[in-house]
A.B. asks: 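Dumping the structure here so I can ask a few things about it.
Within every chain, numbering begins at 1; the chains are lettered A, B, ... in the order of the sequence lines, protein sequences first and strands thereafter.
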There are 2 protein chains.
Amino acid sequence: MDSAEDSPATAEAARHASAREARAAAVLEDYVELIEDLLATTGEARPTDIARRIGVSHATAIKAIARLKREGLAHSRPYRGVFLTEAGQALAAKLRARHRLVVDLLLALGVPPEVAEHDAEGIEHHVSEASLEAFRRFLGRPTPPGPAQP
Amino acid sequence: MDSAEDSPATAEAARHASAREARAAAVLEDYVELIEDLLATTGEARPTDIARRIGVSHATAIKAIARLKREGLAHSRPYRGVFLTEAGQALAAKLRARHRLVVDLLLALGVPPEVAEHDAEGIEHHVSEASLEAFRRFLGRPTPPGPAQP
DNA sequence: CTGATATTGTAGCGAAGGCTACATTTTGCG
DNA sequence: CGCAAAATGTAGCCTTCGCTACAATATCAG
Ligand SMILES: [Mn+2]
Ligand SMILES: [Mn+2]
Ligand SMILES: [Mn+2]
Ligand SMILES: [Mn+2]
């Protein structure tokens, strides 16, 4: 038998494929994260504010919002601001925790705060649950309860 | 005066813009890294092998190679395999070191080897020089000499 | 040497994610 | 109220990066 570790080239290809998926998801993740933040801190998430904070034109932001809606993560009605669906809120909570954990890890490793925040913005989208778990252990944090049964 | 720390939204937007650039560069970086590896280990880098290892169709690989050539990182002639220019080789050396450093850091943090290799494939493209420096310190490695004058 | 096979290259398509320019709607104020 | 400014939405356009299908070239066995 020879398929115990699956042809190396195949494993490598799978890693690249996985990274491509993460790259594709990164954009929407950032929008969800930001919308949650705007809603939490200001009570509303308007396309213009979203665009300004993400650094794209408002037209681009509106298209991204349309995609969020298509994927069931957000809803909005014309001129009324954007809101997160249940699914969107759940995702946002996960993303917020992940973002913080990545930043905290970088800080613990001695990365300057500005740089930590900068690099985390890209890194966060590529950190698997297994790595997050290792980060928590390293930071001496208890593993958080999974989706607790209410 | 109020521009000491530049409006927070602006800084945030800049981080996102930077992450977008890294995301765009990631594809070509992976090709350069792989081509160097193929050349080093087998002496030649053929489009088909590149495609298989990256996990895309050969047509996609050939287009990426065309872009590498456009950007002055590689050269090739029909049916003759791909080679890296001076610039391509320099970039490859940097990318190889970065990839290894990221993997080693994850391993040191207790991330399982398979996962480390998996996550590093995406993370590597978003780690700035300042963070790499922190990683080296954490791993107890001497800062490598910059572009040494020969 | 010749023909099958593998490799390489090309053409054309689609989705994402950018942009600018223009149209519409809302808002806020004199 | 009425109207200007701000916000929102829409309509193209471009590039990247995937894909499949097909064409052309090299390679290798027999
Ligand atoms: Mn991000
Ligand atoms: Mn984030
Ligand atoms: Mn990579
Ligand atoms: Mn790599």
A.B. asks: Rounded to the nearest Å, what distance is computed from the CG atom of residue Leu28(B) to the C1' atom of nucleotide dT16(D)?
C.D. replies: 10 Å
A.B. asks: In this structure, which one of Glu124(B), Glu29(B), Glu36(B) forms a salt bridge (charged side-chain N to carboxylate O under 4.0 Å, His left out) with Arg96(B)?
C.D. replies: Glu36(B)
A.B. asks: Checking Glu117(A) against His99(A): is there a side-chain donor and acceptor pair closer than 3.5 Å?
C.D. replies: yes
A.B. asks: Between Glu71(B) and Ile62(A), which has a closest nucleotide on DNA chain D that is more 5'?
C.D. replies: Ile62(A)
A.B. asks: Let me know the distance between CD of Glu21(A) and P of dC19(D), rounded to the nearest Å.
C.D. replies: 12 Å
A.B. asks: Under 4.0 Å between a Lys/Arg side-chain N and an Asp/Glu carboxylate O for Glu44(B) and Arg80(B)?
C.D. replies: no
A.B. asks: Please work out if Arg23(B) contacts a base, only the sugar-phosphate, or nothing of the nucleic acid, heavy-atom cut-off 4.0 Å.
C.D. replies: sugar-phosphate
A.B. asks: Starting at atom CZ of Arg77(B), determine the distance to atom C1' of dT25(D), rounded to an integer number of angstrom.
C.D. replies: 15 Å
A.B. asks: Hey, what's the ring geometry for His75(B) with Phe83(B), parallel, tilted or perpendicular (30° and 60° as the breaks)?
C.D. replies: parallel
A.B. asks: dC17(D) P sits how many Å from His16(A) NE2, rounded?
C.D. replies: 14 Å
A.B. asks: Between residues 30-46 of chain A and DNA chain D, which residues have a heavy-atom gap below 4.0 Å?
C.D. replies: Arg46(A)
A.B. asks: What's the verdict on side-chain hydrogen bond (donor to acceptor under 3.5 Å, both in side chains) for Thr143(B) and Glu133(B), showing C-alpha distance, side-chain angles and the deciding distance?
C.D. replies: CA-CA 7 Å; Thr143(B) 299; Glu133(B) 180 57 31; 2.8 Å; yes
A.B. asks: Look at Thr48(A) and dA7(D) and indicate whether a side-chain polar atom (N or O) is within less than 4.0 Å of OP1 or OP2.
C.D. replies: no
A.B. asks: Report the distance from atom CZ of Arg52(B) to atom P of dT8(C), rounded to the nearest whole Å.
C.D. replies: 11 Å
A.B. asks: Looking at Asp37(B) and Arg53(B), is any side-chain nitrogen of the basic one under 4.0 Å from a carboxylate oxygen of the acidic one?
C.D. replies: yes
A.B. asks: Before giving the answer on side-chain hydrogen bond (donor to acceptor under 3.5 Å, both in side chains), spell out for His118(B) and Ser128(A) the whole-Å C-alpha distance, their side-chain angles and the decisive distance to 0.1 Å.
C.D. replies: CA-CA 9 Å; His118(B) 176 280; Ser128(A) 66; 5.3 Å; no
A.B. asks: In whole Å, I'd like the distance from the NZ atom of Lys69(A) to the C1' atom of dT8(D).
C.D. replies: 12 Å
A.B. asks: If we only count heavy atoms from C-beta on, is the Asp119(A) to Val102(A) side-chain gap below 4.5 Å?
C.D. replies: no
A.B. asks: Quick one: pull up CG in Leu28(A) and CD in Glu71(A) and give me the separation to the nearest 0.5 Å.
C.D. replies: 5.5 Å
A.B. asks: Strictly under 4.0 angstrom, non-hydrogen atoms only: write out the protein contact profile of nucleotides 19-25 of chain C, one letter per nucleotide from the 5' end, B, S or -.
C.D. replies: BB---BB
A.B. asks: For dT27(C) and Arg80(A) - does any side-chain N or O of the residue sit under 4.0 Å from the phosphate oxygens OP1/OP2?
C.D. replies: yes
A.B. asks: Ala26(A) or Asp49(B): which one's nearest nucleotide on DNA chain C is closer to the 5' end?
C.D. replies: Asp49(B)
